[in-house]
There are 2 protein chains.
Amino acid sequence: MLALHTPEGTLADVASTKLTQAIITGELIQGQKLNESDLAERYGIGRGPLREALRQLEGMRLVKRIPHAGARVVTLDRDMMADLYAVREALEGMACRTAALRMTDAEIDTLRLLLEKHAEQIEATDGQIYVQSEGDFDFHYQIALGSRNQMLIDLLAGELYQLLRMCRYRTSRLSARTRPALQQHRHIVDALTARDGELAEILMRRHISGAWKSISEMMDEENDSKPKLITRSKAASGS
Amino acid sequence: MLALHTPEGTLADVASTKLTQAIITGELIQGQKLNESDLAERYGIGRGPLREALRQLEGMRLVKRIPHAGARVVTLDRDMMADLYAVREALEGMACRTAALRMTDAEIDTLRLLLEKHAEQIEATDGQIYVQSEGDFDFHYQIALGSRNQMLIDLLAGELYQLLRMCRYRTSRLSARTRPALQQHRHIVDALTARDGELAEILMRRHISGAWKSISEMMDEENDSKPKLITRSKAASGS
DNA sequence: TTCTCAATGATTGTTGACAATCTTTTTCCA
DNA sequence: TGGAAAAAGATTGTCAACAATCATTGAGAA
């Protein structure tokens, strides 16, 4: 909840955050061409700052720029999502291992309290994945912070989590396994409390790889159930 | 050796690579203020492209930009290096695990051949750390490629390895443990050959954490041996 | 003398116009 | 009619000037 709206700042930075939001929410569709002049006019700024914003988004892997050919919103295909979850598994595993050694007792208590709040939310708003999804981010983000590794925090919060949010938005109907996830979260906090870094890492990695497995299977089902609707995809896909 | 010199491209991109090189080699000193006008004139380009290059370098964590205050070359202090090696341990561990499942037999053979070449180089140019250092990068880069995880490859080759090179350049006199490293490399290739992903990951992580331990200790010694020479550092250092 | 505050200078942020490149359309020939 | 080359259009890349902000210096008062 901190530093999200960015009330002031350079035009390039506010454009960057606005573009980020627009991409994550799907307002800008995947693979869509991003016309500099149009976007600049849309946000009421010049092309200079907008170009800098695009370069920044490129660094976050939200857009792909090709020289002299413009920028496009990244397309989150299945392979890329698999890559993302693998990287996430490695990084959050490490974060969890380190957090087990560096988090204060108070922070771990706060984390446990957070889980109780999530449990209530799940009971109250059964099926409301959107709120629970943000709660999930809170949990993982707090552990990343607990690692005290700034580079790790930047990588996770600054790059991966944006892509992950994009995934969630795209596959929001899927992945309704909030309750088992909550249980896994509890076990992770237990490992943190025991200051068992190795176990905490293993649990976190299992948690994330399990999440991907679940999402992956659901995508399979959805693709198998209506294969003719997606026939428009090019047969001879380039590169 | 591919796509390093970038003979052509946009001015912003060539400026980006030139700046990267200048920072890694120490031509631009750590913490140094980067004046846009000066740099633009130095590279014979306008300030627009140069600003885009700086934004790009910011994404690679080679410079730190502060709004209205300009950009500075990042300062690789001990904490940041520790963070870097921890992240690298996680990412390369995952890369190694995945590579064990996805690399072709031919690629693994090539990797083994590479190690033999390194062994010869070590015998021939004993102490020449620079060439061996690049060989080390080759090894790790090939394994990253073997993971077939594009995001992982981008993260390692595009961001972490640049910072790592910067470290090496700074601490080149230290870390002369090429021979044990070579032996560890051999064991990793053995694990890859056996298609044992878990073992390969463990060995790679041990290899990297050991490297950090070694560097860390050598930095300690250097700091302890001549403490009075560094007395000029500000007593009340501001933020 | 020292602290505060205003004025000056330097640097960054932004804009609009111009040049280079790519894409599309049109035209011409086979 | 089909395809290829050329011209027109649109888009990206680049530049130089202008505005806004920050840092420094100097003057003035306590």
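The basis for the numbers below is simple: all heavy atoms, side chains too, and nothing from hydrogens, waters or symmetry mates. Proteins come first, then strands; the chains are lettered A, B, ... in the order of their sequence lines, and each starts at number 1.
In terms of the side chain to side chain donor-acceptor pair (under 3.5 Å) criterion, B:Arg102 has no residue partners (sequence neighbours excluded). Every residue meeting the side chain to side chain donor-acceptor pair (under 3.5 Å) condition with A:Glu52, not counting sequence neighbours, appears here in chain and number order: B:Arg51, B:Arg55.
For B:Glu41 and C:dA10, the CD to P distance is 15 Å, given to the nearest whole Å.
For residues 53-97 of chain A, the ring-ring contact (aromatic ring centres under 6.0 Å, His included) pairs, not counting sequence neighbours, are A:Tyr85-A:Trp212. Within the structure, salt bridge (Lys or Arg N to Asp or Glu O under 4.0 Å) contacts touching residues 79-93 of chain B (residues at least two apart or in different chains) are B:Arg88-B:Glu92, B:Glu89-B:Arg205. Each side chain to side chain donor-acceptor pair (under 3.5 Å) pair with one or both residues in residues 143-158 of chain A, not counting sequence neighbours, appears once here: A:Glu107-A:Arg148, A:Gln150-A:Asp154.
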- Message: Each nucleotide in nucleotides 11-17 of chain C should get exactly one letter: B, S or -. Can you fill that in based on protein heavy atoms under 4.0 Å?
- Response: SBBBB--
